[in-house]
Amino acid sequence: MSRKSERFVSHGSDGGVLLRSLKLGDVLILTKARLSLMVVFTTAMGFFVGASENWSGLALAVSVIGTSLAAASAAVLNQLLEADVDRLMERTRTRPLPCGRVGGRQALGLGIALGLLGVGCLSFIVSWISGFLALCTIVIYLLMYTPLKRRSSACTFVGAVSGAIPPVIGWTCAGGRELWEALVLFGILFCWQIPHFLAIAWIYREEYQAAGFVMLKADDFSGVVTAITALSFSIILGIVSCVPIWFGRAGVAYGWAVGFLGLLLVGYSVVFLIERTRVSAKRLFLTSIVYLPALLVAVVLAWRA
């Protein structure tokens, strides 16, 4: 076996080996490793928001690892369910499952194993609540978001629910006590995902349509509804981000940071509304990538000050 491969072995009822010699590169694609990095970050930020002064390093490690494994499980199983559609899109046809580099039984075994490890670690080492929330992210993503992508543009909002849970898992693992903190974390991640993913959906709208995905409203040919929705949630995101100030948990520096970041995101959302081009959508997408980590760092610094 090459150095760039990892061996995952699972025995089925027939005694056969379901998973063997999956290349590391394929595993990274199946688990959407880049997205997992965002999950690591948001979970850790949620942990520090809810943590007391004597926070546990073990709890932090388990929250990040467990949540990341759960997210990776959802990613693998999602690609298994959408392998037939991925073959139809230029940007996804080279993934391991559509290309045949990885078999369906291998992906199924890997996805289930990752899910059990993630939910199990959180449930038995930290708390059943964190494990339950991790299970919710998987269930919502696979049983609600994935099938809804072929039926309604509301899938974006359902998917945003799943994506907004990781920081709440981190918060619960840290023993957070004030519920409004968890709600703010959830609200920030939920609202952020709407302009972020709508920008992606507009950039690849032809590919999604050809593959049968309903990521945008069917009659929104001009993109006005899509752009207005992105702008609306960019504004709401700015409002939600100000809640810590109202509760007296953040000061002037945080206010300036939130104001600057909010104007930046809203500004590019307005440009997207005016132009509705791939270029303006990509600018909004890139701005959102910068926005989230910067905002969450500001939130944590304000909380820990």
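Positions are given from 1 along the sequence.
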Using modelled atom types only, decide if a donor and an acceptor are shared between the side chain of Q106 and the backbone of G103 within a distance under 3.5 Å.
-> yes
Does any non-hydrogen side-chain atom of F233 lie less than 4.5 Å from one of I228?
-> no
Derivation and outcome, ring-ring contact (aromatic ring centres under 6.0 Å, His included), residues W171 and F47 = CA-CA 4 Å; W171 180 85; F47 182 93; over 10 Å; no
Closest heavy-atom pair and its distance - V62, C121 = CG1-O, 3.7 Å
Hphob cluster co-occupancy, L273 + L198, side-chain heavy atoms under 4.5 angstrom | yes
Can S130 and S127 be said to form a side chain to side chain donor-acceptor pair (under 3.5 Å), step by step?
-> CA-CA 6 Å; S130 59; S127 69; 3.3 Å; yes
Side chain to side chain contact (heavy atoms under 4.5 Å, CB included) partner of I188, chosen from T42, L183, V240 | V240
So, for V258 and C242, which heavy atoms are closest and what is the spacing to 0.1 Å?
-> CG1-SG, 4.0 Å
Can you check whether S269's main-chain N or O pairs, donor with acceptor, with S234's side chain at less than 3.5 Å?
-> no
Between R150 and P147, is there a donor-acceptor pair closer than 3.5 Å when you use the side chain of the first and the backbone of the second?
-> no
Note: P166 and V39 closest approach over all heavy atoms is CB-CG1, 4.2 Å
Passes side chain to side chain donor-acceptor pair (under 3.5 Å), T229 versus T226? Steps please.
-> CA-CA 5 Å; T229 304; T226 298; over 6 Å; no
Report the relative orientation of the aromatic rings in F197 and W192; use parallel for angles under 30°, tilted for 30 to 60°, perpendicular for over 60°.
-> perpendicular
Heavy-atom side-chain proximity of K149 to C155 below 4.5 angstrom | yes
Look at the rings of Y204 and Y208 and say which category their plane angle falls in: under 30° parallel, 30 to 60° tilted, over 60° perpendicular.
-> perpendicular
Do side-chain atoms of R101 reach the backbone of T94 as a donor and acceptor pair under 3.5 angstrom?
-> yes
Is it possible for you to say whether Y254 and L263 belong to one hydrophobic cluster, with membership spreading through side-chain heavy-atom contacts below 4.5 Å?
-> no
I200 side chain reached by M215 side chain, heavy atoms, under 4.5 Å | no
Single-linkage hydrophobic cluster W303~V243, side-chain heavy atoms < 4.5 angstrom = yes
Less than 4.5 Å apart, any side-chain heavy atom of L30 and any of L97?
-> yes
P98 and side chain to side chain contact (heavy atoms under 4.5 Å, CB included): which partner among L88, V85, D86?
-> D86
Heavy-atom side-chain contact between S152 and V214 under 4.5 Å = no
Treating Ile, Leu, Val, Met, Phe, Trp and Tyr as nodes and any side-chain heavy-atom pair under 4.5 angstrom as an edge, say whether V139 and L69 lie in one connected cluster.
-> yes
Linked, directly or transitively: M38 and V300 (ILVMFWY side chains, under 4.5 Å) = yes
Compute the ring centroids of F260 and Y291, then answer whether they are less than 6.0 Å apart.
-> no
Any donor and acceptor pair, going by atom type alone, linking the side chain of Q79 with main-chain N or O of I29 inside 3.5 Å?
-> yes
Where do A160 and I194 come nearest, in terms of heavy atoms and distance?
-> CB-CD1, 4.0 Å
Check whether any side-chain N or O of S63 sits under 3.5 Å from a backbone N or O of L60 as a donor-acceptor pair, and report yes or no.
-> yes
Note, R276 side chain near V224 side chain (heavy atom, < 4.5 Å) | yes
With no hydrogens and no angle check, is any side-chain donor or acceptor of S123 less than 3.5 Å from a backbone partner on G120?
-> no
Electrostatic pair R93-E207, nearest N-O below 4.0 angstrom = no
Salt bridge (Lys or Arg N to Asp or Glu O under 4.0 Å) evaluation trace for R87 with E82 = CA-CA 9 Å; R87 294 188 182 95; E82 295 182 346; over 6 Å; no
For the side chain of T146 and the backbone of L143, is there at least one donor-acceptor N/O pair under 3.5 Å apart?
-> no
Residue pair A134 / L122: nearest heavy atoms and the distance that separates them | CB-CD1, 3.5 Å
Output every pair passing salt bridge (Lys or Arg N to Asp or Glu O under 4.0 Å) with a member in residues 235-264, not counting sequence neighbours, ordered by first then second residue.
-> E178-R249, E181-R249
Nearest 0.5 Å, what's the CG-OG1 distance between L110 and T31?
-> 7.5 Å
What is the minimum heavy-atom distance between G131 and V119, and which atoms define it?
-> O-CG1, 3.6 Å
Donor-acceptor contact below 3.5 Å, side chain R283 vs main chain S280 = no
When rounded to the nearest 0.5 angstrom, what distance separates CE in M89 from CD in Q209?
-> 12.5 Å
D220 side chain to V225 main-chain N or O, any donor-acceptor pair under 3.5 Å?
-> yes
